[in-house]
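The block underneath contains the structure these notes are about, expressed in structure tokens.
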Amino acid sequence: MRQANRLVGATLAEVGKHIRPGVSTLELDRVAEEFIRDHGATPTFKGFPNPYGAPFPASICTSVNDVVVHGIPSEKVVLKEGDIVSVDCGTLLNGFCGDSAYTFCVGEVSAEVQRLLEETRQALYLGIEQAQAGRHVGDIGWAVQSHCEACGYGVVRELTGHGIGKEMHEEPQVPNYGRRANGKMLKAGMCIAIEPMITMGDKAVYMDEDRWSIRTRDGKPAAHFEHTMAVRRGKAEVLSTFEWIETN
């Protein structure tokens, strides 16, 4: 699990090197797939089944501005100055899955968008603080929700974090909202992915015509950050990493 998740962190950093105005999201996908396969892994997103339509056609999700998650890379989606793009990445390496996401700025973004990213990232780490043996899934959701709603943001309800291991999505679901001491109890050794999906405006979302992309109903931007971690007695062990992204 460590190896698979470290590879995801390295892939996100490699993709980040190519994020700039004028680059298509399909080009970012090519960079990611080549990097993942060159390191002996398989992109878990590619071909992932969808009950509403065709399997996911790419190796990463590239969600721009008002797309919360599951944006499909396309040569028609070209990044421009002031955009934000969430890159969600999954790998399968030696039988185990890695999963992480990071929202990147394209050039200079507005101060209010920058704050949305900073507070969403902070909410992720507040959630991670609650991911300890003996606590509950609701403790994680409460930490994320209380922080983001205090900032005036919307917390998406329809999408959640999840357990992860030999499969990309396992039990339990890990919502970004909840009540303390409610939900499934966390046990040492469990691996989960926490992923706040936070909107600048209303929390309402809808599915795009492509049957994958989830957008904000009010058209305002959304941010998405995700880490995979192992639950411990005490502080969780974060298996994925933003280190290489944030030191480049």
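Residue numbers start at 1 and run along the sequence shown.
Side chain of Asn176 to backbone of Glu195: a donor-acceptor contact under 3.5 angstrom is found. Side-chain atoms of Asp218 come within 3.5 Å of backbone atoms of Asp202 as a donor-acceptor pair (strictly under, hydrogens ignored). Asp139 places a side-chain N or O within 3.5 Å of a backbone atom of Ala181 that can act as its donor or acceptor partner. Within the 3.5 Å criterion, the main-chain N or O of Val155 finds a donor-acceptor partner in the side chain of Arg157. Proximity of a side-chain donor or acceptor of Asp66 to a complementary backbone N or O of Thr216 within less than 3.5 Å is not detected. With hydrogens and angles disregarded, no donor-acceptor distance shorter than 3.5 Å links the side chain of Glu171 to the backbone of Gly163. A donor-acceptor contact shorter than 3.5 Å is absent between the side chain of Asp38 and the backbone of Ile36. A distance-only check finds a donor-acceptor pair linking the side chain of Thr241 to the backbone of Glu243 [under 3.5 Å]. No side-chain donor-acceptor contact under 3.5 Å links Glu75 to the backbone of Leu26. Judged purely by atom type and a 3.5 angstrom limit, Asp99 has no side-chain atom pairing as donor or acceptor with the backbone of Ala193.
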Practice prompt. Please lay out, stage by stage, how Gln130 and Leu186 fare under the test side-chain contact (heavy atoms from CB on, under 4.5 Å).
Written response: CA-CA 10 Å; Gln130 299 298 318; Leu186 302 172; over 6 Å; no

Discussion item. Test side-chain contact (heavy atoms from CB on, under 4.5 Å) on His162 and Glu170; report intermediate values, then the result.
Written reply: CA-CA 6 Å; His162 50 89; Glu170 298 182 354; over 6 Å; no

Practice prompt. Apply side-chain hydrogen bond (donor to acceptor under 3.5 Å, both in side chains) to His227 and Tyr125, showing your working.
Written response: CA-CA 9 Å; His227 269 319; Tyr125 286 97; 2.9 Å; yes

Discussion item. I'd like to know whether Cys61 forms a side-chain contact (heavy atoms from CB on, under 4.5 Å) with Trp212, so could you lay out the CA-CA distance, the side-chain angles of the two residues, the decisive distance to 0.1 Å, and finally the verdict.
Written reply: CA-CA 10 Å; Cys61 299; Trp212 275 105; over 6 Å; no

Discussion item. Please determine whether side-chain contact (heavy atoms from CB on, under 4.5 Å) holds for the pair Thr120 and Thr103, giving the CA-CA distance in whole Å, both sets of side-chain angles, and the decisive distance to 0.1 Å.
Written reply: CA-CA 10 Å; Thr120 303; Thr103 302; over 6 Å; no

Worksheet item: Are Lys17 and Glu14 close enough, and set up right, to give a salt bridge (charged side-chain N to carboxylate O under 4.0 Å, His left out), and what steps lead you there?
Response: CA-CA 5 Å; Lys17 295 175 185 176; Glu14 184 66 24; 3.3 Å; yes

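Side-chain contact between Met200 and Val113: present, with at least one pair of heavy atoms (C-beta onward) separated by less than 4.5 Å. Counting heavy atoms from C-beta outward, Tyr153 and Arg115 have side chains that approach closer than 4.5 Å. Counting only heavy atoms from C-beta outward, the side chains of Phe104 and Leu79 never approach each other to under 4.5 Å.
Of all heavy-atom pairs between Ala123 and Val144, the closest is O-CG2, 3.6 Å. A pairwise comparison of heavy atoms in Ile60 and Ala32 identifies CG2-CB, 3.6 Å as the closest pair. Counting all heavy atoms, side chain and backbone alike, Asp83 lies closest to Lys80 at OD2-N, 2.9 Å. Contact between Tyr177 and Val156 at its shortest, heavy atoms only, is CD2-O, 4.4 Å. Nearest heavy-atom pair across Leu117 and Ala223 is CD1-CB, 4.0 Å. Ala131 and Val231 get closest at one heavy-atom pair: O-CG1, 4.1 Å.
Summarising the local packing, CZ of Arg135 is surrounded by more than 12 heavy atoms from other residues, nucleotides or ligands at distances under 6.0 Å. For NZ of Lys184, the number of neighbouring non-hydrogen atoms (other residues, nucleotides, ligands) closer than 6.0 Å is 12 at most. Atom CZ of Arg179 has 12 or fewer neighbouring heavy atoms from other residues, nucleotides or ligands inside a 6.0 Å radius. Counting non-hydrogen atoms of other residues, nucleotides and ligands closer than 6.0 Å to CD of Glu158 gives a total above 12. Summarising the local packing, CD of Glu34 is surrounded by 12 or fewer heavy atoms from other residues, nucleotides or ligands at distances under 6.0 Å. A 6.0 Å sphere centred on CD of Glu149 holds more than 12 heavy atoms belonging to other residues, nucleotides or ligands. Within a 6.0 Å sphere centred on CD of Gln3, heavy atoms belonging to other residues, nucleotides or ligands number 12 at most.
Using a 4.5 Å cut-off between side-chain heavy atoms of Ile, Leu, Val, Met, Phe, Trp and Tyr, with links allowed through other members, Ile245 and Val23 fall into the same hydrophobic cluster. Follow the hydrophobic side-chain contacts under 4.5 Å out from Phe242 and you reach Met229 in the same cluster. Side-chain heavy atoms closer than 4.5 Å link hydrophobic residues (I, L, V, M, F, W, Y) into clusters, and following such links, possibly through other members, connects Met207 to Met197. The hydrophobic clustering, which links ILVMFWY residues whose side-chain heavy atoms are closer than 4.5 Å, places Ile128 and Val137 together. Residue Phe45 is not grouped with residue Phe225 when hydrophobic side chains (ILVMFWY) are merged at heavy-atom distances under 4.5 angstrom, including chains of intermediate members.
Rounded to the nearest 0.5 Å, atoms CD1 (Ile194) and CD1 (Ile140) are 4.0 Å apart. How far CG of Asn65 is from CD1 of Ile84: 6.0 Å, rounded to the nearest 0.5 Å. Note that the NE2 atom of His147 and the CD1 atom of Ile198 stand 9.0 Å from one another [nearest 0.5 Å]. The structure places OG of Ser63 at 10.0 Å from CD1 of Ile72, a figure rounded to the nearest 0.5 Å. To the nearest 0.5 Å, the span separating CG on Leu126 from CD on Gln145 amounts to 13.0 Å. From Ile164, atom CD1 reaches atom OG of Ser240 across 8.5 Å, with rounding to the nearest 0.5 Å.
Applying the ring pair (Phe, Tyr, Trp, His ring centres under 6.0 Å) test to every pair with at least one member in residues 5-37, sequence neighbours left out, gives these pairs: Phe35-His39. Pairs of residues two or more places apart, or lying in two chains, never qualify as salt bridge (Lys or Arg N to Asp or Glu O under 4.0 Å) while including a residue from residues 51-64.
With Tyr102 as reference, Glu246 is the one residue of His224, Glu226, Glu246 to meet the side chain to side chain donor-acceptor pair (under 3.5 Å) rule.
Ring to ring, Phe56 and His70 are not that close: their centroids are 6.0 angstrom or more apart.
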